[in-house]
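In what follows, a single structure is set out as C-alpha cells and then discussed.
The shown structure was predicted, so the numbers you read here are calculated from the model rather than taken from an experiment. Only this structure's heavy atoms are used, side chains among them; waters, hydrogens and symmetry mates stay out.
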Amino acid sequence: MEDSFGSKKVIAMVDVFCERFGEDDIKKWVKAGGIPTRLRDSLRKSDLWPYIASPALGGLDVGLVDRAAIIERCMRNTGAMMPVVSDMVSMALFSTFRPTSQGEIVEGLFDPSGVPCFSQAFTDGSADPLAPARPTTVTIEDNGVCLSGEKAFVSGGQFLPSMLVLANDPVFGAADGGKSLWLFPSNVPGVETYPIDSIGQEMMSPAFVVFDRVNLDPEWRIQTDGKLGAMLDRQYHLGRLFICAACLGLAEAAYDDVLSYVSRHVVNGRVMGSLSQTQEKIVAMESRIRAMRWFVYDAASKSDPLSNPVEYSLMKCVVPKASVEVASTAMQLFGARGYSSQARIGRIWRDCRGCQLAQGTDELVTTLAARGILAEYNRN
C-alpha cells in the first residue's frame, strides 16, 4: 500500500517520534484520557515540532500536504486519535488572527516552547442531551461585561489554562453578525468544567463548560476587524482536512492489522487470506482507502481552503464514513478478537465514528457540498 503524499522527510520524522512508545502506552493514555506531559515535552523538543507549530511561534511555513501527512502518519502508527489533531486546529485558527493579536497571545498565553495553551469552546451544548443548549452570550450587567452559557465537547477544556470562546454578542459583535471571540484564563470566577465520558477519542479529553456571569476584561476580546466569518470558515475547512487526514491514518492502521492477520491466520486448514470472502473484503478496504487518500490530498493541495469550499465539504462527506466502513470490515475479519481489547480494531472504529460528528456532521457537510455544487452549476 502506498504511503501518504507528504515528503519522505516529514514521514520519517513522524515514524522516529512514534517509535518512542508502543501499544501498551496507547492503551494507558486512552484509559487516562490524555497523553502524559513527558510526551508533549518530547514532541516540542523534537525535529517534528517546527512542522506543527505556527510560523508566529517559530514554526516553519509548512504546506497543507505535509501537515496532513503528519496527522495521517501519526494516526496510522498509533491506531488512535492523538491530540496532535486539536493542536494543529488551534494553530490553524491562531494563524488567522491579526499580527497584533498573535503577538499579545504569544506573550501571555503560550509557554516559551510554543505549546498551544487554549482550548476551543465553539459548540453550544447542554449537559443533558435532551435539553436545549443555553447559548453562550455576552451581556451588560451591573458588574460590567459578562458571559453566560454552555459549551460542549471542548477538547482539553479541563486541562488547558485558557479557552477561546465563540459567543453571541449584541454588545461588541455588530461588525461580525452578532458574534465575537474571547480568549481568557480557564480559572476565572464563573467558569466550571466537567469531563465528558466519550465512547471514543478519549485522548482528546472532551469537556462540558458552563459560564455563569463571567466578568470579561475587554482586553480578552480578539480583534477580528469584521472578518470573523472568514476566519471561522477557514478554521472549519482546515479542521475538516485534519480530521479527514486522521481518519485516513486510522483506516490504514486497521488495514495494516488486517493484512497481517489474514496472511497468517488459518481457518479450516487454509490461510484466511486465500478465502474468496476475505479477498472481497480486502479489495473493498483497499479501494476505500485509495479514495480517501485522493480526497484528503486533493483538498490539501489547494492553496487556499476558502477558494475551494466544495472540495473540503465533499471530502468531509466521504472520508470519515469510509473510515468507519474500513474499520467495521476489519472488525468483522478479526471476529470476536476485534470486538475485544485483544486487538486495537474496536478503538479505531470508535475513533473513526466520532469523526463523522467532528467539524460538521455528515448531514451538515452534505448540505454545504450540495449548495456549492449547485452554485457552481448555476454560475456555468
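Atom CH2 in Trp29 sits 5.0 Å away from atom CZ in Phe21 (nearest 0.5 Å). With rounding to the nearest 0.5 Å, the separation of CG in Leu147 from CZ in Arg213 is 12.0 Å. Here the CG-CE distance, from Asp176 to Met231, works out to 8.5 Å after rounding to the nearest 0.5 Å. Here Thr136 contributes atom OG1 and Phe122 contributes atom CZ; the two are 11.5 Å apart, rounded to the nearest 0.5 Å. Between Asp212 atom CG and Glu150 atom CD the span is 10.0 Å, to the nearest 0.5 Å. With rounding to the nearest 0.5 Å, the separation of CG in Asn143 from CG in Leu216 is 9.5 Å.
Ser198 contributes a side-chain N or O that, together with a main-chain N or O of Gly200, makes up a donor-acceptor pair within less than 3.5 Å. The closest donor-acceptor contact from the side chain of Lys316 to the backbone of Gly360 lies under 3.5 Å. At least one donor-acceptor pair closer than 3.5 Å links the side chain of Asp25 to the backbone N or O of Gly22. One N or O on the side chain of Ser186 and one on the backbone of Leu160 form a donor-acceptor pair closer than 3.5 Å. Using a distance-only test at 3.5 Å, with no hydrogens or angles considered, no donor-acceptor pair links the side chain of Asp225 to the main chain of Lys227. Using a distance-only test at 3.5 Å, with no hydrogens or angles considered, a donor-acceptor pair links the side chain of Arg270 to the main chain of Ser274. Between the side chain of Tyr236 and the backbone N or O of Gln359 there is no donor-acceptor pair closer than 3.5 Å. A donor-acceptor pair is defined here as one N or O able to donate and one able to accept, closer than 3.5 Å; no such pair exists between the side chain of Ser155 and the backbone of Ser86. Not one N or O on the side chain of Lys45 forms a donor-acceptor pair closer than 3.5 Å with the backbone of Arg40. Formation of a donor-acceptor pair under 3.5 Å by the Asn378 side chain with backbone atoms of Leu374 is found in this model.
The aromatic rings of Phe334 and Tyr261 sit parallel to each other, their planes meeting at less than 30°, with 60° as the upper class boundary.
Transitive grouping of hydrophobic side chains (ILVMFWY, heavy atoms separated by less than 4.5 Å) brings Phe5 and Met88 into a common cluster. Under the 4.5 Å side-chain heavy-atom criterion for ILVMFWY residues, no single connected hydrophobic cluster contains both Val271 and Val267. By the rule that hydrophobic residues join a cluster once side-chain heavy atoms approach within less than 4.5 Å of another member, Ile199 and Met82 end up as members of separate clusters. Residue Leu259 is grouped with residue Leu333 when hydrophobic side chains (ILVMFWY) are merged at heavy-atom distances under 4.5 angstrom, including chains of intermediate members. The same ILVMFWY cluster, assembled from side-chain heavy atoms under 4.5 Å apart, contains both Ile52 and Leu39.
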Under the side-chain hydrogen bond (donor to acceptor under 3.5 Å, both in side chains) criterion, do Tyr339 and Gln332 qualify, and how do the steps go?
CA-CA 9 Å; Tyr339 199 59; Gln332 191 72 24; over 6 Å; no
Using the side chain to side chain contact (heavy atoms under 4.5 Å, CB included) rule, take Tyr255 and Thr329 through it: C-alpha gap first, then chi angles, then the decisive distance, then the call.
CA-CA 9 Å; Tyr255 190 46; Thr329 301; over 6 Å; no
Take Ile282 and Val262, measure what side chain to side chain contact (heavy atoms under 4.5 Å, CB included) needs, and give me the verdict at the end.
CA-CA 10 Å; Ile282 289 174; Val262 302; 3.8 Å; yes
Residues Met272, Val266; criterion side chain to side chain contact (heavy atoms under 4.5 Å, CB included); working and verdict:
CA-CA 5 Å; Met272 192 174 176; Val266 177; over 6 Å; no
Stepwise, does the side chain to side chain contact (heavy atoms under 4.5 Å, CB included) test hold for Ile26 with Met203?
CA-CA 9 Å; Ile26 298 293; Met203 277 188 279; 4.3 Å; yes
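Around the CZ atom of Arg371, the shell of radius 6.0 Å holds no more than 12 heavy atoms that belong to other residues, nucleotides or ligands. The number of heavy atoms from other shown groups lying within 6.0 Å of CG (Asp362) is above 12. Within 6.0 Å of atom NZ in Lys27, more than 12 heavy atoms from other residues, nucleotides or ligands are found, so the atom counts as buried in its surroundings.
For the pair Asp124 and Lys151, the salt-bridge criterion is met [side-chain N within less than 4.0 Å of a carboxylate O]. The pair Arg288-Glu325 counts as a salt bridge, with a side-chain nitrogen and a carboxylate oxygen less than 4.0 angstrom apart. The pair Glu252-Arg293 meets the salt-bridge criterion, since a charged nitrogen lies less than 4.0 angstrom from a carboxylate oxygen. Between Lys302 and Asp298 there is a salt bridge, since at least one side-chain N of the basic residue sits less than 4.0 Å from a carboxylate O of the acidic one.
The shortest non-hydrogen separation linking Met292 to Ser323 is CE-CB, 3.7 Å. A pairwise comparison of heavy atoms in Arg134 and Ser148 identifies NH1-CB, 3.9 Å as the closest pair. Scanning all heavy atoms of the two residues, the minimum distance from Ala68 to Val296 falls at CB-CG1, 4.3 Å. Closest approach of Gly125 and Ala152 over heavy atoms only: CA-CB, 3.8 Å. Shortest non-hydrogen contact noted between Lys321 and Cys317 is CB-O, 4.0 Å. When all heavy atoms are compared, the tightest approach of Leu250 to Ala80 is CD2-N, 3.4 Å.
Side-chain contact between Gln120 and Val154 is absent, with no heavy atoms from C-beta onward closer than 4.5 Å. Inter-residue side-chain proximity for Leu238 and Arg67 is flagged as unmet; no heavy-atom pair is nearer than 4.5 Å. Under the 4.5 Å side-chain criterion, counting only non-hydrogen atoms from C-beta, Val14 is not in contact with Ile71. At a threshold of 4.5 Å between non-hydrogen side-chain atoms, the residues Val138 and Asn168 do not count as touching. Proximity of Leu43 to Phe17: side-chain heavy atoms (C-beta onward) are separated by under 4.5 Å at one or more points. Using a 4.5 Å heavy-atom threshold, the side chains of Leu275 and Lys281 count as separate. In this structure the side chain of Asp169 reaches within 4.5 angstrom of the side chain of Trp182, judged on heavy atoms. Inter-residue side-chain proximity for Ser7 and Val10 is flagged as met; some heavy-atom pair is nearer than 4.5 Å.
Each of Arg344, Arg347, Arg264, Arg337 was checked for a salt bridge (Lys or Arg N to Asp or Glu O under 4.0 Å) with Asp257, and the lone residue meeting it is Arg344. For the side-chain contact (heavy atoms from CB on, under 4.5 Å) with Val326, the lone residue among Ile289, Val258, Leu248 that qualifies is Ile289.
Between the side chains of Gln201 and Asp351, not a single donor N or O lies within less than 3.5 Å of an accepting N or O.
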